[in-house]
Amino acid sequence: MAEPAVPLHKIIHWWAVTADVGMQDDDCNSGTAFVPAGHFYEMHIPPPGDERRRTDRDRARQAGADWLLYPQIRTTDDTTALARDGFLDLPWFMEAQYRVRAGVDDDLRAQLGNSRYRDLRRLVRRADAEYDHRVLDGAGAAADPAALKDFDRLHALNLAKYGHRFNHLSSTALELGLDSPLRDRMRLFLRQSRADGATVQAVLCFLDPTGTELTILAQGIDPALVTPGQNVYRAAFYEIFRWGEGQGVAVFSLGRGNEVKKLDVGANTYHLLANHIRGVSGADPAGFAPMRAKLRAFFDRVIGELESAGGDRVTVRR
């Protein structure tokens, strides 16, 4: 978003989810929401305190917004103060994580089973035979304009594949990140052909301040450059897990969406996230009640699938 006050239906994370439950054309999507800066770049946010809510409410009013929106707060967090302040919670995403337990290889063997684990190792070896795998830290990325250009190109292909209309990780956004304290926490993973050096995959990640949690934020693959039979998508997760394990990373955040598919790459912990929305100047969030009911039913089904497919190896926190 260019501005913190924007129509709900223009927020990529809003219209994508409302479309999933058939509510994309509902009248409640036409209002303007004030979203405090930066929140959609994070997998989840902590519940805001009293003073923060007062400040944001004043800013939302000055911006002429109908709603104040705090996105993706974990439902296991204490949000009683938000409810008391008139916020309505809307279940919105599942955040997937791989949490290292016995070690990457032991964990994946236990989760996938011996046969599927061996298949994973074979496809990783196949990728390694054809491609080089590089890891750049923030300083390395800043000094390598070609690498940033490669990420921009590949990420654009990913946006087009899934029909995303807005690019939150444009080259301008990355340059701003590299000119900020985030630079030291950025890691850029590149897969390049050993034959001609062409970059076929790029994955953008960020470490947390402790260096023990890595967020896999976005990636892009050029299918036209990937040899048939290669599965660089799955290979990348394994390679990043092994790299991170060697760096002391204990938790890998795998993003939101495609929850069941992420079991295949190692996800073993899921958190239900909710958007919290409140009227600014008299707007009543009760109009979101039908959407809330549909979202609850939707995520009940998703959680049931995860618990059925993952069994006791997977933890779902809701």
Side-chain angles (χ1 to χ4, degrees), residues 1-3 6-7 9-20 24 35 37-43 71-72 93 96 127 130-180 182-183 185-206 214-228 230-237 239-240 253-258 261-262 265:
M1 296 179 301
E3 301 294 339
V6 64
H9 69 272
K10 289 190 175 182
I11 300 174
I12 185 173
H13 299 83
W14 187 274
W15 64 258
V17 174
T18 55
D20 283 343
Q24 67 271 30
V35 186
H39 283 336
F40 280 124
Y41 288 93
E42 303 176 75
M43 287 300 116
Q72 53 225 29
F93 283 120
E130 188 168 351
Y131 303 105
D132 185 33
H133 191 236
R134 298 172 57 207
V135 184
L136 300 179
D137 60 14
D144 192 342
L148 296 176
K149 186 176 180 180
D150 282 337
F151 173 79
D152 192 50
R153 175 180 62 84
L154 294 166
H155 184 237
L157 292 175
N158 188 63
L159 295 176
K161 176 181 177 180
Y162 292 103
H164 294 327
R165 296 177 290 177
F166 304 100
N167 185 359
H168 294 279
L169 295 168
S170 64
S171 56
T172 299
L174 285 185
E175 288 167 5
L176 289 171
L178 288 169
D179 195 30
S180 77
L182 287 175
R183 172 174 170 161
R185 293 161 52 188
M186 182 187 292
R187 298 294 182 270
L188 184 60
F189 296 80
L190 301 171
R191 188 183 306 281
Q192 296 171 312
S193 169
R194 294 185 185 276
D196 60 14
T199 302
V200 303
Q201 182 182 27
V203 187
L204 179 66
C205 303
F206 284 91
L214 184 78
T215 295
I216 300 175
L217 190 61
Q219 72 164 299
I221 297 170
D222 189 341
L225 299 180
V226 177
T227 304
Q230 292 281 5
N231 190 335
V232 296
Y233 176 81
R234 288 191 65 197
F237 283 99
E239 290 160 343
I240 290 171
S253 180
L254 310 182
R256 302 174 293 257
N258 292 321
K261 289 182 179 180
K262 285 177 180 170
V265 299

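Values reported hereafter were calculated over all heavy atoms of this structure, with side chains retained and with hydrogens, waters and symmetry mates removed. Positions are given from 1 along the sequence.
Considering CG of Leu254 and CG of Leu214, their distance stands at 9.5 Å, rounded to 0.5 Å. Distance CZ/Arg256 to CD/Gln72: 4.0 Å, rounded to 0.5 Å. Atoms CG and NE2, on Leu174 and His155 in that order, are 9.0 Å from each other to the nearest 0.5 Å. The OH atom of Tyr131 sits 9.5 Å away from atom CD of Gln201, with the distance rounded to the nearest 0.5 Å. Rounded to the nearest 0.5 angstrom, Ser171 OG and Leu178 CG are separated by 11.0 Å. Atom OG1 of residue Thr215 and atom CG of residue Leu204 lie 10.0 Å apart, to the nearest 0.5 angstrom.
The aromatic rings of Phe189 and His133 lie parallel to each other, their planes meeting at an angle below 30°, with 60° marking the opposite boundary.
Annotation: side chain of Val35 is in contact with side chain of Pro71 (closest heavy-atom distance under 4.5 Å).
Between the side chain of Thr227 and the main chain of Gln230, no donor-acceptor pair closer than 3.5 Å is present. No donor-acceptor pair under 3.5 Å is formed between the side chain of Lys149 and the backbone N or O of Asp144. For Asn258 (side chain) and Lys261 (main-chain N/O), no donor-acceptor pair under 3.5 Å exists by modelled atom type.
Between Met43 and Ser253, the closest heavy-atom pair is CG-OG, 3.1 Å. Closest approach of Gly197 to Gln192, counting heavy atoms only: O-CB, 3.9 Å. A pairwise comparison of heavy atoms in Arg187 and Gly138 identifies NH1-N, 4.2 Å as the closest pair. Here the closest non-hydrogen pair linking Ala127 and Arg191 is CB-NH1, 3.8 Å. Across Ala218 and Phe151, no two heavy atoms sit closer than the pair O-CE1, 4.0 Å. Of all the heavy atoms in Asp152 and Leu169, the pair that sits closest is OD1-O, 4.5 Å.
No option in Asp222, Leu190, Asp132 other than Leu190 meets the side-chain contact (heavy atoms from CB on, under 4.5 Å) test with Thr199.
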Legend entry - Step-by-step side chain to side chain contact (heavy atoms under 4.5 Å, CB included) determination, Gln219 to Ile240: CA-CA 12 Å; Gln219 72 164 299; Ile240 290 171; over 6 Å; no
